Amino acid sequence: MLACVPLPDGRYAVQGTTDDGAPNGPPRRIGAGELVAAADERWLWASTVDDYPALIATGLRVPRCHDIAAVERILLGRAGAFGDPVTPAAVLARAAGEPVPSPPVRPVGDAPSLFDLTGPADDGVDPLEVLRLAYQDQRRRANGGGALSLLLAAENASALAAAEMGAVGLPWRRKVHLAVLDEMLGARPALGGRPPRLAQLAGEIDAAFGFPVNPDSAVDLREAFRRVGFDIETTRSWVLKGIDHPAVGPVLAYKELARLHSANGWAWLDQWVRHDRFRAEYLSGSVVSGRWATRGGGALQIPRLLRQAVVAEDGYRLVVADAAQLEPRVLAAISGDAGLQAVSASGESKADLYAGLAADGFGGNRASAKVAMLGAMYGQTTGEGGRLVGTLRTRYPAAMGYVDGAARAGERGEVVHSVLGRACPPPGTYWEAVRIGRQQDATAAERKRADRLAGDRGRFTRNFVVQASAADWAAVWLAGLRTSLADVAGAELVFFQHDELIVHAPAPAAGEVAGLIERAADAARRLVFPGSAVLTPVRPVIVDRYADAK
DNA sequence: TCAAATGGCGCC
DNA sequence: AAAGGGCGCCATTTGA
């Protein structure tokens with residue numbers, strides 16, 4: 001293992017380190033250009049998201065790492081201490097029972113410095129020593145067995161993949177995107193102006209109402225519909241669709257196009273796409289469930305319409321793969337529900353679990369089966385989904401009992417865990433209101449508030465056990481694939497979105513990559529759900545454009 | 001006048 | 001078919 005600390009002067013302090021965290025060579029101070037990543041070496045550093053991008057920029061690729069901050073977040077979560085500082089200095093202070101120093105505030109965009117690592121009062125302390133001690137302490141605390149080790153390994157690998165994906169970027173043809181904008185919105189307006197198509201629709205909306213309305217204002221729009229006799233609470237599209245008034249058509253069209261303009265319009269293109277690559281910042285450790293988030297550009301919300309702009313470069317293909325119906329399959333595995341596992345592995349269900357469910361209790365109605373399963377995992381109680389959950393409850397009692405149990409635990413204020421041991425956050429300060437509302441002498445209003453808050457948390461924990469376990473599986477999938485891709489020249493992970501990924505690969509290697517993706521998925525299934533009969537199939541598709549993958 | 005909250009909607 | 005989980009982002013509104 002190689003311990004590595006960026007220094008304020010732009011160089012790096014590095015030192016060979018054993019797996020026990022003992023020094024295994026002399027400390028050296030070297031420039032980034034002198035760093036070499038041996039193919040099988042593991043790097044130890046404070047934070048991948050802070051320390052790795054500068055190395056990637058020099059062309060370095062680190063095969064494996066131990067990320068103090070990423071590991072600390074998971075360990076702290078299991079100890080019920082979400083949000084506490086995760087620097088090595090904080091880790092050490094915690095281990096010693098001393099007050100944990102707040103991480104120093106640094107200006108946005110400022111380079112990470114030694115101070116981030118050791119805190120301002122640590123003059124003379126060897127940062128490599130701090131790193132090693134923090135590592136040793138985490139090693140002691142992370143003795144929760146194979147599942148936790150697997151989770152930490154996947155989290156570390158995810159952090160590397162996230163940094164690399166951010167640096168590489170998603171192939172994005174500016175010309176294609178511009179053509180879409182021109183067709184949908186018309187010519188690019190002056191700064192702050194409305195595109196022609198939006199201006200035209202705004203005019204149609206005014207005409208339909210008979211008085212001026214600002215369709216960008218939900219307040220104004222709701223007031224307008226009330227004036228013409230429709231007493232609506234919100235102006236959400238699905239509410240408007242139920243209204244019979246000539247303004248509805250242009251309003252819905254306006255909303256759709258305004259969204260395109262503001263979220264992925266010309267300004268977005270200028271800001272986020274350079275040299276036909278969309279570069280976002282991926283944050284692998286910032287969602288409590290273990291899913292990734294992004295900062296800037298909305299990389300995890302690319303509209304289907306714009307996936308035609310994601311085009312492989314000449315001589316390359318995109319290998320697009322998603323895990324079909326991952327969450328219900330994960331539920332089948334973690335609940336041990338034999339019936340649901342059987343459905344996941346039977347005949348056509350291998351490719352389409354919902355079709356199998358439909359055949360098994362919904363009269364062949366796939367849409368109903370899907371609504372019911374989503375309702376069960378999200379805690380839906382009303383409407384069609386809520387009604388259909390009952391069918392699932394009789395067909396798959398173990399699976400439904402599992403999510404119901406997670407919901408009840410959440411309502412009691414308890415913490416639930418993913419299959420690999422990621423903990424959900426404990427209830428926040430609002431739980432005091434729940435406690436008050438549950439006392440004998442609580443008022444009706446207090447009881448009602450308590451019920452609502454407890455219900456909210458129950459739906460959160462119900463979904464957490466499924467969503468976080470799916471994230472566990474996906475992280476192991478991604479980690480395995482990343483490792484195997486290292487042997488395919490020119491192949492790069494360029495996108496990852498919860499249960500779906502894209503590899504940009506030289507055309508002759510695309511078929512091999514597709515095989516690696518499938519093998520990584522099968523390996524993840526065996527590692528995350530050992531002994532389970534459940535299947536977690538992925539469907540790699542080799543295409544030129546992302547839009548052609550589905 | 002500014003920052004935080006809200007409404008709405010895109011993705012899973 | 002309904003509005004139940006997780007996010008990020010924008011424009012507007014609200015409140016200090």
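Note that the structure is a prediction, hence the values are computed from the model and not measured. Naming: A, B, ... by sequence-line order, numbering from 1 per chain.
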| field | A:Thr294 or A:Val239, whichever maps to the more 5' nucleotide of DNA chain C | value | A:Val239
Polar-atom pairs under 3.5 Å, protein N or O versus N or O of nucleotides 13-15 of chain C: list them with distances, or write none.
from: C:dT13; atom 1: OP1; to: A:Ser217; atom 2: OG; distance (Å): 2.5

| field | Strand-adjacent residues in residues 279-292 of chain A, judged by heavy atoms under 4.0 Å from DNA chain C | value | A:Val287, A:Arg291
| Hey, can you pull the residues of residues 458-467 of chain A with a non-hydrogen atom under 4.0 angstrom from DNA chain C? | A:Arg459, A:Phe460, A:Asn463, A:Gln467
| Partners of A:Pro303 by side-chain contact (heavy atoms from CB on, under 4.5 Å), sequence neighbours excluded? | A:Asn264, A:Leu306
| message | Students often get this wrong, so: under 4.0 angstrom with heavy atoms, is A:Gly386 touching a base, only sugar-phosphate, or nothing? | response | nothing
| note | Within residues 243-264 of chain A, those residues having any heavy atom closer than 4.0 Å to DNA chain C are A:Arg259, A:Ser262
| message | Regarding A:Gly385, tell me which of base, sugar-phosphate or nothing describes its non-hydrogen contacts under 4.0 Å with the strands shown. | response | nothing
| request: Figure out the CG/P separation between A:Leu191 and C:dA11, and round it to whole Å. | output: 11 Å
| chain A on DNA chain B: first and last contacting nucleotide, 5' to 3', under 4.0 Å to a heavy atom? | B:dG7 to B:dC12
| Which part of the nucleic acid does A:Thr234 contact within heavy-atom distance under 4.0 Å: base, sugar-phosphate only, or nothing? | sugar-phosphate
| task | Using a heavy-atom cut-off of under 4.0 Å over every strand shown, decide if A:Gln301 touches base, sugar-phosphate, or nothing. | result | base
